[in-house]
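Structure, as structure tokens:
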Amino acid sequence: MEKVSLARGTRDFGPAQMAKRSFIIDTIKKVFQQYGFQPLETPAMENLSTLQGKYGEEGDQLLFKILNSGDFLKNVNKKNIEEGNWKMVTGDIAEKGLRYDLTVPFARYVVMNRHEITFPFKRYQIQPVWRADRPQKGRYREFYQCDADVVGTNSLMCEAEIILMIKDAFNKLGILDYTIKVNHRGVLSGLAGLLSAAEKETSLFVAIDKLDKIGEQKVKEELIERGFDAASLPQLFEVLNFTGSTQNKINFLSSKFSNSEIGKKGLNDLNEVLNLLKNFGATDEHVELDLTLARGLSYYTGCIFEVKINRASVGSVSGGGRYDNLTAVFDSKEKSSGVGFSFGIDRLYDAMEELSLFPKETISTSKILIVHLDKESFHYSLKAAQTIRLNGIACEVYPDQTKIKKQMEYADKKNIPFVVVIGSEEIKTNLFTLKKMETGEQSKLTIEQIIKSIK
RNA sequence: GCGGGCAUAGCUCAGUUGGUUAGAGCAUCAGAUUGUGAUUCUGAGGGUCGUGGGUUCGAGCCCCAUUGCUCGCCCCA
């Protein structure tokens with residue numbers, strides 16, 4: 001036999017896994033629809049020009065590129081090949097790539113269809129994305145994202161609704177122990193202001209993001225290494241180490257940000273989101289202001305979200321935020337504000353599996369298998385099957401004429417709960433043997449009675 | 001891009017300082033049971049020990065290389 005295998009970082013989803021994945025996807029989809037989001041699908045592949053330059057240099061490296069069809073060498077600059085300048089060659093031999101996330105294709109769609117779209121536009125999108133990353137635990141090269149975004153409004157109600165949708169979805173999925181971490185780009189800038197490090201914001205954010213992972217001492221070392229003034233660090237950590245409720249944190253920060261307009265704006269936004277949450281009749285349970293939350297794509301300009309399932313080892317299962325100028329990368333005149341977030345369902349799956357949160361009855365099979373004993377009863381069983389199906393009960397007939405044992409085994413392995421036995425005796429009397437597989441009990445019933453008892 | 005670990009039956013894994021014919025459990029198939037699954041009993045099939053080289057009288061085991069998988073780092077869902 002030829003050795004067959006999967007491409008690295010990809011997975012098959014068998015029936016048992018699909019049942020669980022569908023449970024997650026259907027649940028999330030229902031929540032999105034409940035809040036007025038409409039579905040969108042975009043192609044798996046986009047022009048490379050659409051994708052490149054949107055995710056930073058690192059992101060460009062992680063793009064899967066699609067080799068041009070036909071003679072892909074005809075446009076290659078030979079000098080680039082001779083000099084081993086592979087990055088330049090890439091552009092000559094590939095003009096398409098697999099999508100890296102769902103947000104950029106969405107922005108492309110909005111720009112292309114702005115005249116048809118009714119704003120504010122709320123769309124959800126559940127599709128696979130691809131990254132040429134090195135796979136490891138909870139990290140795949142092909143994985144699904146479930147995005148919901150609103151474009152064309154600055155209302156902070158959207159931020160509040162994102163929190164509500166996360167709560168709704170997790171509640172329905174049975175995930176109870178989780179934390180929705182929120183932060184604000186303005187607050188981060190305010191922090192940078194404390195260090196007078198406005199021009200080194202990014203390296204500050206990257207460093208403090210690691211705080212819970214590598215600890216205060218290591219972060220300090222990294223900051224000093226990156227050229228921050230050691231004398232100003234105590235001020236920063238006084239703020240980062242402040243503990244208290246989200247409201248307390250906001251109040252404390254206000255006193256620190258008296259000189260930072262952008263910092264104050266961030267705090268006001270967060271305050272407003274919390275207020276709106278109250279107006280929705282919801283609490284800020286599970287919501288936590290995390291000043292070290294800084295990761296994610298650099299295009300966020302307002303609130304930032306990230307969701308962690310506590311006691312699960314998969315990292316964040318959802319993330320998002322507001323971006324003021326996403327569509328501007330495709331058209332500088334187009335500056336619609338957008339806000340959105342995404343569930344990583346592969347990680348949700350892993351976390352739910354780890355915590356045994358899947359309901360037992362997620363696998364769907366036929367309710368009835370019709371077992372037949374000879375040619376005549378096989379033919380008879382086809383009509384019976386249709387009658388049962390037309391009454392809304394999933395039913396199948398074993399396709400081959402074979403030993404009853406074999407047919408029963410099939411029902412057992414497929415977890416089909418009922419078996420109907422049809423033989424010459426049954427056809428004569430019009431009473432069929434209904435066997436409940438779980439208990440093994442049997443009774444003789446008409447087809448109508450069988451339908452009634454199972455429905 | 002950098003570092004660690006692993007690779008033996010379809011799956012999960014044993015395999016003694018290197019020593020005859022490489023094992024177990026599960027799964028598969030057949031029979032016990034020709035109108036009854038899961039449970040029980042009996043039997044059978046299934047292996048180029050990832051690949052290539054080296055050391056040795058002798059390699060699943062030691063050495064080198066290579067490929068694949070896996071776990072971390074960077075980054076990310």
Side-chain angles (χ1 to χ4, degrees), chain A residues 1 3-11 24 28 55-63 86-87 99-103 126-147 202-203 205-207 209-210 213-214 218 222 294-298 305-309 312-321 340-351 369-374 377 398 401-427 432-442 444:
Chain A
M1 189 173 71
K3 249 191 198 171
V4 289
S5 62
L6 287 166
R8 154 180 278 206
T10 66
R11 296 143 305 150
I24 296 174
I28 291 171
Y55 310 106
E57 201 177 322
E58 194 98 25
D60 280 355
Q61 298 259 27
L62 298 179
L63 284 173
W86 58 276
K87 282 188 187 173
R99 76 167 98 75
Y100 179 91
D101 71 357
L102 300 178
T103 311
I126 303 177
Q127 289 190 275
V129 303
W130 294 268
R131 294 182 191 180
D133 222 349
R134 184 141 188 183
Q136 51 190 274
K137 189 168 187 169
R139 173 180 286 183
Y140 308 100
R141 292 183 134 181
E142 177 185 63
F143 61 98
Y144 273 65
Q145 290 192 326
C146 305
D147 275 35
T202 308
S203 50
F205 301 159
V206 169
D209 183 67
K210 297 178 192 165
K213 208 169 181 179
I214 63 175
K218 287 262 168 68
E222 184 167 336
R295 54 196 332 180
L297 303 170
S298 46
F305 306 96
E306 183 171 289
V307 183
K308 283 239 167 86
I309 297 178
S313 58
V314 291
S316 75
V317 294
S318 176
F341 75 114
S342 178
F343 288 111
I345 74 158
D346 305 84
R347 283 188 177 178
L348 275 174
Y349 181 104
D350 290 348
L369 175 77
I370 300 185
V371 166
H372 42 84
L373 303 177
D374 53 35
S377 45
Y398 196 84
Q401 285 172 47
T402 180
K403 280 184 283 191
I404 188 167
K405 178 185 165 93
K406 184 117 183 163
Q407 301 186 54
M408 298 293 289
E409 263 174 12
Y410 177 80
D412 183 54
K413 279 179 190 155
K414 266 191 87 178
N415 260 317
I416 297 173
F418 296 97
V419 162
V420 170
V421 181
I422 299 185
S424 52
E425 185 79 6
E426 280 80 356
I427 297 175
F432 303 88
T433 305
L434 175 69
K435 175 165 183 165
K436 188 172 186 185
M437 293 299 274
E438 199 188 340
T439 59
E441 63 182 299
Q442 301 192 162
K444 292 253 181 180

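Order of the sequence lines sets the chain letters (A, B, ...), proteins ahead of strands, with each chain counted from 1.
- Ser316(A) comes within contact range of the sugar-phosphate backbone alone, with a heavy-atom separation under 4.0 Å but no base atom that close.
- As judged by a 4.0 angstrom heavy-atom cut-off over every strand, Gln145(A) is placed among residues touching the sugar-phosphate backbone only.
- Among the protein residues, Gly59(A) comes within range of no part of the nucleic acid, since none of its heavy atoms lies under 4.0 Å from any strand.
- When rounded to the nearest whole Å, the span between CD of Glu441(A) and P of rG37(B) equals 17 Å.
- Residue side chain Lys405(A) does not reach the base of rU36(B) through any donor-acceptor N/O pair under 3.5 Å, judged by distance alone.
- The base of rC76(B) lies outside donor-acceptor range of the side chain of Arg131(A), with no N or O pair under 3.5 Å.
- One interatomic measurement links the two molecules: NZ of Lys444(A) to P of rU36(B), which rounds to 13 Å at whole-angstrom precision.
- Among the atoms of the strands shown, base atoms are found under 4.0 Å from some heavy atom of Glu425(A).
- Relative orientation of the Tyr100(A) and Tyr55(A) rings is tilted, given thresholds of 30° and 60° on the angle between their planes.
- For the pair Asp133(A) CG and rC71(B) P, the computed distance is 13 Å after rounding to whole Å.
- Side-chain N/O atoms of Gln407(A) and base N/O atoms of rG35(B) include no donor-acceptor pair closer than 3.5 Å.
- Applying the 3.5 Å distance criterion, the base of rC75(B) shares a donor-acceptor pair with the side chain of Arg139(A).
- Once the 5.5 Å centre distance and the 30° plane angle are applied, the aromatic ring of Phe143(A) is found stacked with the base of rA77(B).
- Close to rG68(B), at under 4.0 Å from its OP1 or OP2, lies no side-chain N or O of Arg8(A).
- At the heavy-atom level, Val206(A) lies under 4.0 Å from the strands shown only through sugar-phosphate atoms.
- The nearest whole Å value for the distance from the CE atom in Met437(A) to the C1' atom in rG37(B) is 4 Å.
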